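Data block below; observations after.
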Amino acid sequence: MSLSKPNTLRSGPDERGRFGIFGGRFVAETLMPLVLDLEKAYAAAKADPAFQAEIDFMQRDYVGRPSPLYLAERLTEHFGGAKVYLKRDELNHTGSHKINNCLGQILLARRMGKTRIIAETGAGQHGVATATVCARFGLPCVIYMGATDIERQKPNVFRMKLLGAEVIPVTSGTGTLKDAMNEALRDWVTNVENTYYLIGTVAGPHPYPAMVRDFQSVIGNETKVQMMEREGRLPDSIVACIGGGSNAMGLFHPFLDDTSVKIYGVEAAGKGIETGEHCASLKGGTPGVLHGNRTYLLQDDDGQIKDGHSISAGLDYPGIGPEHAWLHETGRAEYVSATDKEALEAFQLCSKLEGIIPALEPAHALAFVSKIAPKLPKDHLMVMNMCGRGDKDVFSVADYLGVKL
Amino acid sequence: MTTRLDRRFAALKAEGRAAFVTFITAGDPDFDMSFDVLKGLPAAGADVIELGMPFTDPMADGPAIQASSQRALRNGATMKKTLELVRRFREGDNETPIVLMGYYNPIYHMGVDTFLTLACEAGVDGLIVVDLPPEEDDELCEPAMRAGLNFIRLATPTTDDRRLPAVLANTSGFVYYVSITGITGSASPEARNVAEAVARIKRHTPLPVAVGFGIKTPEQAADIARTADGAVVGSAIVDAIAKELDSNGKAKPGAAERVLGFVRRLADGVHKARAAAAE
């Protein structure tokens with residue numbers, strides 16, 4: 001439960017799990033009692049200081065938090081404008097921000113007495129993070145992953161298997177993230193007794209969008225403190241890439257009431273929004289209902305869900321978290337996009353100038369930074385969430401660049 | 001106000017037999033064959049027809065119904081064509097209730113008011129929308145009731161006695177008991193468990209209770225029909241349609257008749273169930 005203060009943008013969702021008209025609990029009856037149980041269990045855990053202490057301890061000693069806030073001097077110099085900071089969530093254990101959420105949810109699943117964990121994954125980062133916490137806490141783990149994604153993210157598939165997870169290829173639809181999520185929901189509806197569905201992004205039925213956001217808010221909370229230490233003031237703008245939008249929500253949420261801070265979410269424009277081959281749900285979609293919540297979706301004239309396209313498997317989702325849909329409609333955050341090509345350029349630029357190989361997902365955020373930073377004054381403080389590292393992407397990037405390994 | 005569903009279940013009750021409820025996906029594998037099967041269902045013994053509204057992401061359905069949705073969509077199925085099937089069916093049959101079953105997004109995308117107007121005009125009697133629990137009743141359930149349509153809710157093994165009243169509150173026509181925790185067309189239910197569950201639901205409502213998910217053979221259908229007011233068969237019929245397709249996905253000659261022959265055997269199972277039990 002959140003304290004509702006007047007004039008705050010941080011009190012959502014309401015008791016029906018809605019942010020404005022977005023969110024909700026659009027699930028089959030079989031799952032409804034589970035979703036209500038989860039809501040209760042999460043509210044109780046949130047109110048229990050011992051639960052937060054357990055998370056804090058694991059975040060420090062297992063994940064390696066806080067992640068540094070790093071002044072990217074050479075990128076800043078290259079752009080010649082805004083002072084660009086990178087929030088280094090790619091340095092987390094397992095290489096992305098996904099572990100923040102997995103840790104919170106696995107501790108909750110244990111409190112609830114669940115004995116089997118399932119999850120969906122796109123790029124494999126959430127699958128790896130889930131498999132990791134399952135290994136750490138000794139729980140069996142089943143990961144649903146689209147067959148197309150398995151092909152383009154082989155290193156992560158092997159990592160999951162090393163961690164003891166069973167990886168089930170999903171061939172329905174186009175074999176990407178949305179199909180993996182359908183299949184995970186089918187598993188959950190079948191194994192309601194013992195199974196906990198560990199959703200990886202700020203989507204799904206209430207309470208997932210709020211819960212995942214809360215677990216990811218450590219990113220924005222740390223950024224605030226670190227920026228005050230470094231610069232003595234808040235940043236002027238914050239930037240993050242968006243697939244489902246969990247790293248972005250984690251960075252944005254603590255800043256929602258700080259109206260001086262400009263907020264930018266960067267969607268994947270794929271081959272260009274005008275081509276129709278993209279994953280930009282806000283820029284190129286319309287409101288609809290999928291996977292338990294109302295949000296912006298890529299869909300055709302008949303309300304059938306369209307497949308997204310992105311060079312980045314982690315952004316390849318035809319929807320977006322409902323709180324983002326709300327922030328978009330209220331105008332508090334601005335949603336922009338970057339193409340495959342722009343992301344690839346940023347990927348190489350960051351590797352060469354900073355010695356940081358970014359994941360293709362935050363490379364989209366950096367592509368946008370490279371567009372606006374040069375036009376901003378030198379005292380403009382900008383924070384970009386470097387939400388994952390690019391080790392997993394080197395093979396597919398080599399492919400795109402026509403390099404034989 | 002009595003609806004076709006009310007009248008049909010009342011008549012069956014008077015005859016002392018259970019309803020045979022059939023499911024097919026609209027436009028599977030294409031509009032014409034789908035219409036041939038649809039219009040033949042009543043003569044093959046279907047008492048109530050559930051017509052699936054194809055959707056790209058049928059989260060609660062197993063492989064058979066997923067594939068049927070994909071076949072239909074590949075061959076141009078849309079919500080408007082689904083309603084056109086119903087309208088044409090009604091030209092020849094004004095008695096057999098038709099319930100549209102599916103997911104909320106295609107309805108939401110069309111607009112709830114437009115959808116309800118067109119559905120009523122076409123001759124639809126009720127709706128089953130899998131991803132609209134009672135918590136979201138203001139979305140479609142309440143407007144549908146005002147439009148005179150029955151809104152049929154799914155009750156499941158996880159719907160306990162505490163929750164059941166909420167699930168039943170705005171339900172009309174009949175209650176659809178999902179006999180297993182799982183997706184359509186998967187594990188088959190134990191008849192004894194189903195009987196207990198049906199009795200439990202009936203303690204809370206005077207509405208007829210139909211049972212579905214996992215019923216595949218005439219024998220299983222008969223087992224269910226002994227204790228429930230209706231038995232629903234979906235995946236097995238949809239599978240029978242899939243078996244009638246050639247390598248290009250086109251229906252073989254005589255396909256609809258053979259599918260309806262299978263439906264007739266299932267119907268016999270349901271209709272003779274209680275007579276056989278009484279002997």
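If you're wondering where the values come from, they're calculated on a predicted model, not measured in any experiment. Residue numbering restarts at 1 for every chain, and letters A, B, ... go by the order of the sequence lines.
Shown here is B:E196, whose CD atom has more than 12 heavy atoms of other residues, nucleotides or ligands within 6.0 Å. When the shell of 6.0 Å around CD of A:E193 is examined, it contains 12 or fewer heavy atoms from other residues, nucleotides or ligands. Counting heavy atoms of neighbouring residues, nucleotides and ligands inside a 6.0 Å radius, atom NZ of B:K202 exceeds 12 of them. Dense packing is recorded around CG of B:D161, with more than 12 heavy atoms of other residues, nucleotides or ligands lying under 6.0 Å away.
Smallest separation of non-hydrogen atoms from A:K178 and B:T56: NZ-O, 4.4 Å. Pairing each heavy atom of A:P33 with each of B:T158, the nearest pair is CG-O, 3.3 Å. Across B:G182 and A:T190, no two heavy atoms sit closer than the pair CA-OG1, 3.5 Å.
At a 4.5 Å heavy-atom cutoff, B:V129 makes no contact with chain A through either its backbone or its side chain. In this structure, no portion of B:P63 lies under 4.5 Å from any heavy atom of chain A. Interface residue A:P287: backbone and side-chain heavy atoms are both found under 4.5 Å from chain B. If you measure heavy-atom distances from B:I107 to chain A, you find no contacts under 4.5 Å at all. Only the backbone of B:A77 comes within contact range of chain A, judged by heavy atoms closer than 4.5 Å. With a threshold of 4.5 angstrom between heavy atoms, B:F55 approaches chain A through its backbone and through its side chain. With a 4.5 angstrom heavy-atom cutoff, A:D187 does not touch chain B via any of its atoms.
With rounding to the nearest 0.5 Å, the separation of CG in A:L297 from CG in B:N105 is 6.0 Å. Here B:D61 contributes atom CG and A:S172 contributes atom OG; the two are 11.5 Å apart, rounded to the nearest 0.5 Å. Taking CG of B:L132 as the start and CZ of A:R25 as the end, the distance is 13.0 Å to the nearest 0.5 Å. Note that CD of A:E29 is 13.0 Å distant from OG1 of B:T181, once rounded to the nearest 0.5 Å. Expressed to the nearest 0.5 Å, how far CG of A:N182 lies from CG of B:D57 amounts to 4.5 Å. With rounding to the nearest 0.5 Å, the separation of CE in B:M59 from CG in A:L31 is 9.5 Å.
Salt-bridge check for B:E136 with A:R294: failed, with every basic side-chain N at 4.0 Å or more from each acidic carboxylate O. Of the charged side-chain nitrogens involved, at least one lies within less than 4.0 Å of a carboxylate oxygen, so that A:R16 and B:D138 count as a salt-bridged pair. Ion pair B:E135/A:R18 not flagged as a salt bridge, since none of the NZ, NE, NH1 or NH2 atoms sits closer than 4.0 Å to an Asp/Glu carboxylate oxygen.
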- prompt: What do the steps show when you test A:T30 against B:L154 for side chain to side chain contact (heavy atoms under 4.5 Å, CB included), and what is the final call?
  reply: CA-CA 9 Å; A:T30 310; B:L154 305 175; over 6 Å; no
task: Start with the C-alpha distance between B:T78 and A:D302, add both sets of side-chain angles, then the distance that settles side chain to side chain contact (heavy atoms under 4.5 Å, CB included), and finish with yes or no.
output: CA-CA 6 Å; B:T78 61; A:D302 195 46; 3.6 Å; yes
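For the pair B:R163 (side chain) and A:M32 (backbone), a donor-acceptor distance under 3.5 Å is absent.
The residue among B:T156, B:V178, B:V167 with the most heavy atom pairs within less than 4.5 Å of chain A is B:T156. For chain A, the option among B:Q70, B:Q66, B:M79 with the highest count of heavy-atom pairs below 4.5 Å is B:Q66.
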Tabulate below the donor-acceptor pairs under 3.5 Å that side-chain atoms of residues 109-124 of chain B make, not counting sequence neighbours, or state none.
unit_1: B:H109; atom_1: ND1; unit_2: A:Q299; atom_2: OE1; d: 3.3
unit_1: B:H109; atom_1: NE2; unit_2: A:D300; atom_2: O; d: 3.2
unit_1: B:T117; atom_1: OG1; unit_2: B:D113; atom_2: O; d: 2.8

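Under the side chain to side chain contact (heavy atoms under 4.5 Å, CB included) test applied with A:F26, the options B:Y103, B:Y108, B:Y104 reduce to a single match, B:Y104.
Under the 4.5 Å side-chain criterion, counting only non-hydrogen atoms from C-beta, A:R186 is in contact with B:P58.
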